[in-house]
Protein chains: 2
Amino acid sequence: MNDAKEILKKSKLRPTIQRVAIVDYIIEKHKVHITAAKLIKYLKNKKINISLATIYNNLNELADKGILKKFYVNNDKMWFDTNLQDHYHFYDPEKDELIDINKNEISFSKSPKIPNGKVKGSINIIINLKNKN
Amino acid sequence: MNDAKEILKKSKLRPTIQRVAIVDYIIEKHKVHITAAKLIKYLKNKKINISLATIYNNLNELADKGILKKFYVNNDKMWFDTNLQDHYHFYDPEKDELIDINKNEISFSKSPKIPNGKVKGSINIIINLKNKN
DNA sequence: TAGATTATTAGAATCATTCTAAACTAGAAA
DNA sequence: TTTCTAGTTTAGAATGATTCTAATAATCTA
(Lines give C-alpha, C1' and ligand atoms only; values in the text may rest on other atoms or scores of the structure.)
Protein backbone atom coordinates (compact mmCIF):
# COMPACT_ATOMS: atom_id res chain seq x y z
CA MET A 1 0.00 0.00 0.00
CA ASN A 2 1.43 3.39 -0.87
CA ASP A 3 1.87 6.21 1.58
CA ALA A 4 -1.15 8.13 0.33
CA LYS A 5 -3.47 5.21 0.96
CA GLU A 6 -1.90 4.69 4.35
CA ILE A 7 -2.50 8.32 5.30
CA LEU A 8 -6.08 8.23 4.05
CA LYS A 9 -6.79 5.01 5.89
CA LYS A 10 -5.54 6.52 9.14
CA SER A 11 -7.95 9.39 8.68
CA LYS A 12 -10.82 7.09 7.81
CA LEU A 13 -11.11 8.54 4.33
CA ARG A 14 -11.71 6.12 1.46
CA PRO A 15 -8.76 6.02 -0.88
CA THR A 16 -10.53 7.02 -4.06
CA ILE A 17 -8.54 7.75 -7.18
CA GLN A 18 -9.05 11.47 -6.66
CA ARG A 19 -8.05 11.48 -3.03
CA VAL A 20 -4.98 9.36 -3.61
CA ALA A 21 -3.91 11.73 -6.39
CA ILE A 22 -4.26 14.72 -4.08
CA VAL A 23 -2.38 13.11 -1.23
CA ASP A 24 0.30 11.85 -3.62
CA TYR A 25 0.80 15.42 -4.71
CA ILE A 26 1.12 16.58 -1.13
CA ILE A 27 3.67 13.88 -0.36
CA GLU A 28 5.63 14.46 -3.52
CA LYS A 29 5.84 18.21 -3.07
CA HIS A 30 6.42 17.87 0.64
CA LYS A 31 6.21 21.52 1.62
CA VAL A 32 3.87 23.40 -0.58
CA HIS A 33 1.17 26.04 -0.63
CA ILE A 34 -1.90 24.83 -2.43
CA THR A 35 -4.76 26.61 -4.03
CA ALA A 36 -7.78 24.82 -5.47
CA ALA A 37 -7.10 26.36 -8.85
CA LYS A 38 -3.42 25.42 -8.87
CA LEU A 39 -4.21 21.88 -7.80
CA ILE A 40 -6.86 21.17 -10.40
CA LYS A 41 -4.56 22.47 -13.10
CA TYR A 42 -1.80 20.14 -11.95
CA LEU A 43 -4.07 17.10 -11.76
CA LYS A 44 -5.68 17.75 -15.13
CA ASN A 45 -2.18 17.84 -16.58
CA LYS A 46 -1.56 14.43 -15.08
CA LYS A 47 -4.75 13.25 -16.80
CA ILE A 48 -6.56 12.68 -13.56
CA ASN A 49 -10.29 13.22 -13.78
CA ILE A 50 -11.43 15.40 -10.97
CA SER A 51 -13.92 18.19 -10.50
CA LEU A 52 -13.42 21.45 -8.68
CA ALA A 53 -16.05 20.47 -6.13
CA THR A 54 -14.05 17.37 -5.28
CA ILE A 55 -10.88 19.40 -4.93
CA TYR A 56 -12.59 21.67 -2.43
CA ASN A 57 -14.30 18.82 -0.62
CA ASN A 58 -11.03 17.01 -0.18
CA LEU A 59 -8.82 19.92 0.70
CA ASN A 60 -11.36 20.89 3.35
CA GLU A 61 -11.56 17.35 4.64
CA LEU A 62 -7.80 17.03 4.81
CA ALA A 63 -7.70 20.29 6.70
CA ASP A 64 -10.37 19.02 9.11
CA LYS A 65 -8.29 15.90 9.71
CA GLY A 66 -5.22 17.99 10.39
CA ILE A 67 -3.31 16.86 7.32
CA LEU A 68 -3.36 20.34 5.85
CA LYS A 69 -3.69 23.79 7.31
CA LYS A 70 -6.25 26.12 5.80
CA PHE A 71 -5.80 29.86 5.72
CA TYR A 72 -6.40 32.97 3.72
CA VAL A 73 -4.20 35.58 2.16
CA ASN A 74 -5.84 38.94 1.75
CA ASN A 75 -9.20 38.43 0.15
CA ASP A 76 -7.90 36.49 -2.68
CA LYS A 77 -8.46 32.90 -2.13
CA MET A 78 -8.23 29.98 0.18
CA TRP A 79 -4.82 28.40 0.63
CA PHE A 80 -3.84 25.06 2.06
CA ASP A 81 -0.46 24.45 3.54
CA THR A 82 1.34 21.17 4.09
CA ASN A 83 3.53 22.79 6.69
CA LEU A 84 1.61 22.04 9.86
CA GLN A 85 3.90 23.82 12.27
CA ASP A 86 3.12 27.28 13.52
CA HIS A 87 4.55 29.62 10.98
CA TYR A 88 3.88 32.72 9.00
CA HIS A 89 4.18 33.89 5.40
CA PHE A 90 5.63 36.30 2.98
CA TYR A 91 3.28 36.94 0.09
CA ASP A 92 4.65 37.85 -3.31
CA PRO A 93 1.70 39.35 -5.19
CA GLU A 94 3.64 39.39 -8.44
CA LYS A 95 4.06 35.63 -8.52
CA ASP A 96 0.94 34.92 -6.42
CA GLU A 97 3.22 32.88 -4.24
CA LEU A 98 3.76 32.32 -0.54
CA ILE A 99 7.07 31.86 1.21
CA ASP A 100 7.22 30.33 4.66
CA ILE A 101 8.51 32.24 7.64
CA ASN A 102 9.40 29.73 10.29
CA LYS A 103 8.37 30.49 13.79
CA ASN A 104 11.96 30.79 14.90
CA GLU A 105 12.55 33.59 12.40
CA ILE A 106 10.21 35.87 14.29
CA SER A 107 10.05 36.54 17.95
CA PHE A 108 8.02 38.91 19.99
CA SER A 109 9.42 40.82 22.89
CA LYS A 110 6.02 42.21 23.71
CA SER A 111 2.59 40.73 23.05
CA PRO A 112 -0.72 42.52 23.31
CA LYS A 113 -3.16 41.94 26.14
CA ILE A 114 -5.97 39.62 25.07
CA PRO A 115 -9.43 41.17 25.61
CA ASN A 116 -11.35 39.96 28.66
CA GLY A 117 -13.23 36.71 28.37
CA LYS A 118 -11.31 35.72 25.29
CA VAL A 119 -8.33 33.60 24.49
CA LYS A 120 -5.90 33.70 21.64
CA GLY A 121 -6.85 31.60 18.61
CA SER A 122 -4.80 31.32 15.47
CA ILE A 123 -2.40 34.08 14.60
CA ASN A 124 -2.09 35.23 11.08
CA ILE A 125 0.96 37.11 9.97
CA ILE A 126 1.46 38.02 6.34
CA ILE A 127 4.27 40.23 5.21
CA ASN A 128 3.45 41.47 1.74
CA LEU A 129 6.44 41.83 -0.54
CA LYS A 130 7.20 44.47 -3.12
CA ASN A 131 9.93 44.61 -5.72
CA LYS A 132 13.02 46.55 -4.82
CA ASN A 133 12.93 49.44 -7.30
CA MET B 1 -18.50 74.48 5.47
CA ASN B 2 -18.50 71.38 7.62
CA ASP B 3 -15.52 69.15 8.21
CA ALA B 4 -16.69 66.48 5.82
CA LYS B 5 -16.93 68.94 2.95
CA GLU B 6 -13.55 70.32 3.87
CA ILE B 7 -11.97 66.89 3.77
CA LEU B 8 -13.61 66.04 0.46
CA LYS B 9 -12.54 69.31 -1.06
CA LYS B 10 -8.95 68.68 -0.08
CA SER B 11 -9.10 65.33 -1.83
CA LYS B 12 -10.74 66.82 -4.92
CA LEU B 13 -13.88 64.78 -4.44
CA ARG B 14 -17.22 66.46 -5.02
CA PRO B 15 -19.17 66.74 -1.80
CA THR B 16 -22.26 64.87 -2.85
CA ILE B 17 -24.92 64.01 -0.31
CA GLN B 18 -23.71 60.43 -0.24
CA ARG B 19 -20.05 61.25 0.21
CA VAL B 20 -20.71 63.82 2.90
CA ALA B 21 -22.80 61.27 4.77
CA ILE B 22 -20.01 58.72 4.63
CA VAL B 23 -17.34 61.15 5.73
CA ASP B 24 -19.62 62.50 8.48
CA TYR B 25 -19.92 58.98 9.76
CA ILE B 26 -16.17 58.55 9.75
CA ILE B 27 -15.68 61.79 11.62
CA GLU B 28 -18.43 61.07 14.10
CA LYS B 29 -17.22 57.57 14.94
CA HIS B 30 -13.60 58.68 14.88
CA LYS B 31 -11.96 55.29 15.20
CA VAL B 32 -13.99 52.62 13.56
CA HIS B 33 -13.80 49.53 11.40
CA ILE B 34 -16.11 49.76 8.46
CA THR B 35 -17.62 47.20 6.21
CA ALA B 36 -19.72 48.05 3.16
CA ALA B 37 -22.63 46.10 4.59
CA LYS B 38 -22.42 47.75 8.01
CA LEU B 39 -22.18 51.18 6.47
CA ILE B 40 -25.15 50.88 4.14
CA LYS B 41 -27.27 49.62 7.01
CA TYR B 42 -26.31 52.62 9.12
CA LEU B 43 -26.97 55.13 6.35
CA LYS B 44 -30.30 53.60 5.39
CA ASN B 45 -31.31 53.95 9.01
CA LYS B 46 -30.47 57.63 8.80
CA LYS B 47 -32.74 57.82 5.75
CA ILE B 48 -29.89 58.57 3.40
CA ASN B 49 -30.43 57.27 -0.10
CA ILE B 50 -27.38 55.42 -1.23
CA SER B 51 -26.64 52.30 -3.22
CA LEU B 52 -24.16 49.58 -2.45
CA ALA B 53 -22.16 50.46 -5.56
CA THR B 54 -21.74 53.99 -4.28
CA ILE B 55 -20.62 52.74 -0.90
CA TYR B 56 -17.93 50.64 -2.53
CA ASN B 57 -16.93 53.38 -4.96
CA ASN B 58 -16.50 55.85 -2.17
CA LEU B 59 -14.81 53.64 0.37
CA ASN B 60 -12.32 52.67 -2.30
CA GLU B 61 -11.80 56.26 -3.32
CA LEU B 62 -11.28 57.36 0.26
CA ALA B 63 -8.76 54.56 0.67
CA ASP B 64 -6.98 55.68 -2.50
CA LYS B 65 -6.80 59.19 -1.12
CA GLY B 66 -5.37 57.93 2.14
CA ILE B 67 -8.37 58.87 4.24
CA LEU B 68 -9.12 55.25 5.03
CA LYS B 69 -7.04 52.11 5.11
CA LYS B 70 -8.32 49.09 3.25
CA PHE B 71 -7.59 45.58 4.39
CA TYR B 72 -8.98 42.09 4.65
CA VAL B 73 -9.75 39.74 7.49
CA ASN B 74 -9.61 36.11 6.55
CA ASN B 75 -11.60 35.64 3.40
CA ASP B 76 -14.63 37.25 4.71
CA LYS B 77 -14.88 40.71 3.45
CA MET B 78 -13.20 44.00 2.83
CA TRP B 79 -12.73 46.27 5.81
CA PHE B 80 -11.88 49.93 5.95
CA ASP B 81 -10.21 51.48 8.93
CA THR B 82 -10.15 55.08 10.03
CA ASN B 83 -7.07 54.41 12.08
CA LEU B 84 -4.32 55.30 9.64
CA GLN B 85 -1.41 54.48 11.87
CA ASP B 86 0.45 51.22 11.58
CA HIS B 87 -1.43 48.80 13.75
CA TYR B 88 -2.81 45.30 13.92
CA HIS B 89 -6.06 43.62 14.91
CA PHE B 90 -7.80 41.13 17.07
CA TYR B 91 -10.73 39.57 15.26
CA ASP B 92 -13.74 38.36 17.23
CA PRO B 93 -15.57 36.00 14.87
CA GLU B 94 -18.54 35.78 17.21
CA LYS B 95 -19.32 39.49 16.98
CA ASP B 96 -17.71 39.91 13.53
CA GLU B 97 -15.75 42.70 15.10
CA LEU B 98 -12.21 44.00 15.01
CA ILE B 99 -10.25 45.41 17.92
CA ASP B 100 -7.17 47.52 17.33
CA ILE B 101 -3.79 46.47 18.54
CA ASN B 102 -1.62 49.53 18.60
CA LYS B 103 1.85 49.21 17.25
CA ASN B 104 3.35 49.82 20.68
CA GLU B 105 1.53 46.80 22.09
CA ILE B 106 3.59 44.44 19.96
CA SER B 107 7.27 44.42 19.45
CA PHE B 108 9.54 42.08 17.63
CA SER B 109 12.88 41.05 18.96
CA LYS B 110 13.64 39.17 15.78
CA SER B 111 12.39 39.81 12.26
CA PRO B 112 12.68 37.47 9.30
CA LYS B 113 15.09 38.06 6.46
CA ILE B 114 13.33 39.55 3.43
CA PRO B 115 13.82 37.47 0.27
CA ASN B 116 16.38 38.79 -2.22
CA GLY B 117 15.27 41.49 -4.59
CA LYS B 118 12.23 42.30 -2.50
CA VAL B 119 11.32 44.79 0.15
CA LYS B 120 8.80 44.65 2.91
CA GLY B 121 5.33 45.96 2.03
CA SER B 122 2.41 46.10 4.39
CA ILE B 123 2.34 43.74 7.34
CA ASN B 124 -0.85 42.07 8.29
CA ILE B 125 -1.29 40.66 11.74
CA ILE B 126 -4.59 39.25 12.85
CA ILE B 127 -4.99 37.47 16.14
CA ASN B 128 -8.20 35.52 16.02
CA LEU B 129 -10.06 35.36 19.32
CA LYS B 130 -11.99 32.51 20.85
CA ASN B 131 -14.22 32.45 23.89
CA LYS B 132 -12.69 31.35 27.11
CA ASN B 133 -14.52 28.11 27.88
C1' DT C 1 -27.29 79.29 -17.04
C1' DA C 2 -25.00 76.02 -20.34
C1' DG C 3 -21.91 72.61 -21.10
C1' DA C 4 -18.63 69.61 -19.47
C1' DT C 5 -17.29 66.68 -16.01
C1' DT C 6 -17.96 63.74 -12.29
C1' DA C 7 -21.24 60.79 -9.43
C1' DT C 8 -24.82 57.73 -8.54
C1' DT C 9 -27.55 53.92 -9.52
C1' DA C 10 -29.98 49.40 -10.67
C1' DG C 11 -29.02 45.54 -12.14
C1' DA C 12 -25.93 42.47 -14.61
C1' DA C 13 -21.44 40.29 -14.34
C1' DT C 14 -17.64 38.08 -11.96
C1' DC C 15 -15.13 34.94 -9.18
C1' DA C 16 -14.10 31.84 -5.50
C1' DT C 17 -16.46 28.72 -2.94
C1' DT C 18 -20.35 25.84 -1.42
C1' DC C 19 -24.56 23.34 -2.17
C1' DT C 20 -27.67 19.91 -4.32
C1' DA C 21 -29.18 15.78 -5.63
C1' DA C 22 -28.25 12.28 -8.89
C1' DA C 23 -24.96 8.78 -10.34
C1' DC C 24 -21.19 6.10 -8.87
C1' DT C 25 -17.80 3.27 -5.98
C1' DA C 26 -15.42 1.03 -2.17
C1' DG C 27 -15.69 -2.06 1.37
C1' DA C 28 -18.37 -5.16 4.45
C1' DA C 29 -21.21 -8.95 4.82
C1' DA C 30 -23.05 -13.07 3.18
C1' DT D 1 -18.59 -13.03 -6.25
C1' DT D 2 -22.80 -10.61 -5.51
C1' DT D 3 -25.43 -7.38 -2.76
C1' DC D 4 -26.03 -3.68 0.15
C1' DT D 5 -24.99 0.56 2.23
C1' DA D 6 -22.60 4.42 3.40
C1' DG D 7 -19.39 7.34 1.58
C1' DT D 8 -17.82 9.96 -2.89
C1' DT D 9 -17.83 12.38 -6.96
C1' DT D 10 -19.87 15.36 -10.12
C1' DA D 11 -22.16 18.99 -13.12
C1' DG D 12 -24.30 22.63 -12.64
C1' DA D 13 -26.95 25.77 -9.79
C1' DA D 14 -26.64 28.84 -5.83
C1' DT D 15 -24.29 32.14 -2.92
C1' DG D 16 -22.21 36.37 -1.43
C1' DA D 17 -18.99 39.99 -1.74
C1' DT D 18 -17.39 43.04 -4.99
C1' DT D 19 -16.99 45.29 -9.51
C1' DC D 20 -18.75 46.68 -13.94
C1' DT D 21 -21.94 48.91 -17.24
C1' DA D 22 -24.19 52.40 -19.26
C1' DA D 23 -28.01 55.33 -18.36
C1' DT D 24 -29.44 59.15 -15.49
C1' DA D 25 -28.48 62.86 -12.34
C1' DA D 26 -25.86 66.27 -9.80
C1' DT D 27 -22.09 69.50 -9.41
C1' DC D 28 -18.82 72.70 -11.04
C1' DT D 29 -16.69 76.19 -14.17
C1' DA D 30 -16.91 79.71 -17.18
Side-chain angles (χ1 to χ4, degrees), chain A residues 1-2 4-23 33-41 43-44 47-65 67-68 70-80 91 93 96 98, chain B residues 1-2 4-24 33-41 43-44 46-65 67-68 70-80 91 93 96 98:
Chain A
M1 187 176 335
N2 75 15
K5 284 191 179 167
E6 193 68 29
I7 287 172
L8 288 169
K9 199 176 177 191
K10 268 190 198 140
S11 294
K12 299 195 174 49
L13 294 171
R14 287 189 182 168
T16 62
I17 291 170
Q18 292 82 356
R19 281 217 265 248
V20 170
I22 292 174
V23 176
H33 303 109
I34 308 169
T35 254
K38 285 180 203 279
L39 184 52
I40 200 169
K41 202 170 158 192
L43 294 175
K44 293 281 185 199
K47 308 284 180 236
I48 287 158
N49 258 346
I50 192 166
S51 72
L52 241 199
T54 302
I55 298 266
Y56 277 107
N57 286 345
N58 281 307
L59 290 178
N60 278 318
E61 265 164 351
L62 292 172
D64 288 348
K65 300 289 185 183
I67 292 165
L68 293 173
K70 174 175 170 176
F71 65 104
Y72 302 93
V73 175
N74 302 339
N75 211 35
D76 238 31
K77 38 181 118 47
M78 190 181 277
W79 290 80
F80 294 87
Y91 177 61
D96 190 29
L98 294 170
Chain B
M1 187 174 338
N2 75 14
K5 284 189 180 169
E6 194 70 28
I7 288 171
L8 288 169
K9 198 178 175 190
K10 269 191 201 138
S11 295
K12 301 194 173 48
L13 295 171
R14 289 187 180 169
T16 62
I17 292 170
Q18 292 80 357
R19 281 216 264 248
V20 170
I22 292 173
V23 176
D24 272 345
H33 302 109
I34 308 169
T35 254
K38 284 181 203 281
L39 184 52
I40 200 168
K41 203 171 158 191
L43 293 175
K44 294 280 186 198
K46 284 220 157 182
K47 307 286 181 235
I48 288 159
N49 258 346
I50 192 165
S51 72
L52 241 198
T54 302
I55 299 266
Y56 277 107
N57 286 345
N58 282 307
L59 290 178
N60 278 318
E61 264 164 352
L62 292 172
D64 288 347
K65 300 289 185 183
I67 291 165
L68 293 173
K70 175 175 171 176
F71 65 104
Y72 302 92
V73 175
N74 301 340
N75 212 36
D76 237 31
K77 41 179 116 47
M78 190 181 277
W79 289 80
F80 294 88
Y91 176 62
D96 190 29
L98 294 170

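Atoms considered below: every heavy atom in the structure, side chains included; atoms not considered: hydrogens, waters and symmetry mates. Below, chains carry the letters A, B, ... as their sequence lines are ordered, and counting in each starts from 1.
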**Message:** Does A/Asn49 reach a base, just sugar-phosphate, or nothing at all? Heavy atoms under 4.0 Å.
**Reply:** sugar-phosphate

**Message:** Starting the side chain at C-beta, find the nucleotide from C/dT25, D/dT19, D/dT27 nearest to B/Asn60.
**Reply:** D/dT19

**Request:** Round to a whole Å and report the spacing from CD1 of B/Ile48 to P of D/dA26.
**Result:** 16 Å

**Asked** Going from OG on A/Ser11 to CG on A/Asp64, what distance comes out if it is rounded to the nearest 0.5 angstrom?
**Response** 10.5 Å

**Fill in**
To the nearest 0.5 Å, atom CD1 of B/Ile55 lies from atom CG of B/Asn60 at 11.5 Å

**Prompt:** How many angstroms lie between atom CD1 of B/Ile22 and atom CG of B/Leu68, to the nearest 0.5 angstrom?
**Reply:** 9.0 Å

**Request:** Mind calculating the distance between CZ (B/Phe80) and P (D/dT18) to the nearest angstrom?
**Result:** 8 Å

**Request:** Supply the atom-to-atom distance A/Ile40 CD1 to A/Tyr56 OH, rounded to the nearest 0.5 angstrom.
**Result:** 9.0 Å

**Request:** Find which nucleotide of DNA chain D each of A/Ala53 and B/Ala36 is nearest to by heavy atoms, and output the residue with the more 5' nucleotide.
**Result:** A/Ala53

**Request:** May I have the distance from B/Ile40 (atom CD1) to D/dA17 (atom P), rounded to whole angstrom?
**Result:** 12 Å

**Message:** Using the rule given for side-chain contact (heavy atoms from CB on, under 4.5 Å), can you reason through A/Lys5 versus A/Leu8, listing the C-alpha separation, both sets of side-chain angles and the distance that settles it, and then say yes or no?
**Reply:** CA-CA 5 Å; A/Lys5 284 191 179 167; A/Leu8 288 169; 5.6 Å; no

**Prompt:** Please give, in whole Å, the distance from D/dT10 P to A/Ile55 CD1?
**Reply:** 9 Å

**Prompt:** Given C/dT8, is OP1 or OP2 found less than 4.0 Å from the side-chain N or O atoms of B/Asn58?
**Reply:** yes

**Message:** Nearest to the B/Arg14 side chain among C/dA7, D/dT8, D/dA17, which nucleotide is it?
**Reply:** C/dA7

**Fill in**
To the nearest angstrom, the CG-P distance between A/Leu59 and C/dT17 comes to 10 Å

**Request:** Go through residues 15-23 of chain B and report each residue with a non-hydrogen atom lying under 4.0 Å from DNA chain D, sorted by number.
**Result:** B/Pro15

**Prompt:** Under 4.0 angstrom, heavy atoms only, what part of the nucleic acid is A/Ile50 near: base, sugar-phosphate, or nothing?
**Reply:** sugar-phosphate

**Request:** Report yes if a side-chain nitrogen or oxygen of B/Thr54 is closer than 4.0 Å to either non-bridging phosphate oxygen (OP1 or OP2) of C/dT8; otherwise report no.
**Result:** no

**Message:** Can you classify the ring geometry of A/Trp79 versus A/His33 as parallel (below 30°), tilted (30 to 60°) or perpendicular (above 60°)?
**Reply:** perpendicular

**Asked** With distance as the sole test, does B/Thr35 use its side chain to make a donor-acceptor pair with the main-chain N or O of B/Lys38 at under 3.5 Å?
**Response** no

**Asked** For A/Leu13 and C/dG27, what is the distance between atoms CG and C1' respectively, to the nearest whole Å?
**Response** 14 Å

**Whole-Å gap separating P (C/dC15) and OH (B/Tyr56)** = 17 Å

**Fill in**
Rounded to whole Å, the NZ-C1' distance (A/Lys5 to C/dA26) equals 11 Å

**Request:** Scan A/Asn57 against the nucleic acid and name what it touches under 4.0 Å (heavy atoms): base, sugar-phosphate only, or nothing.
**Result:** base

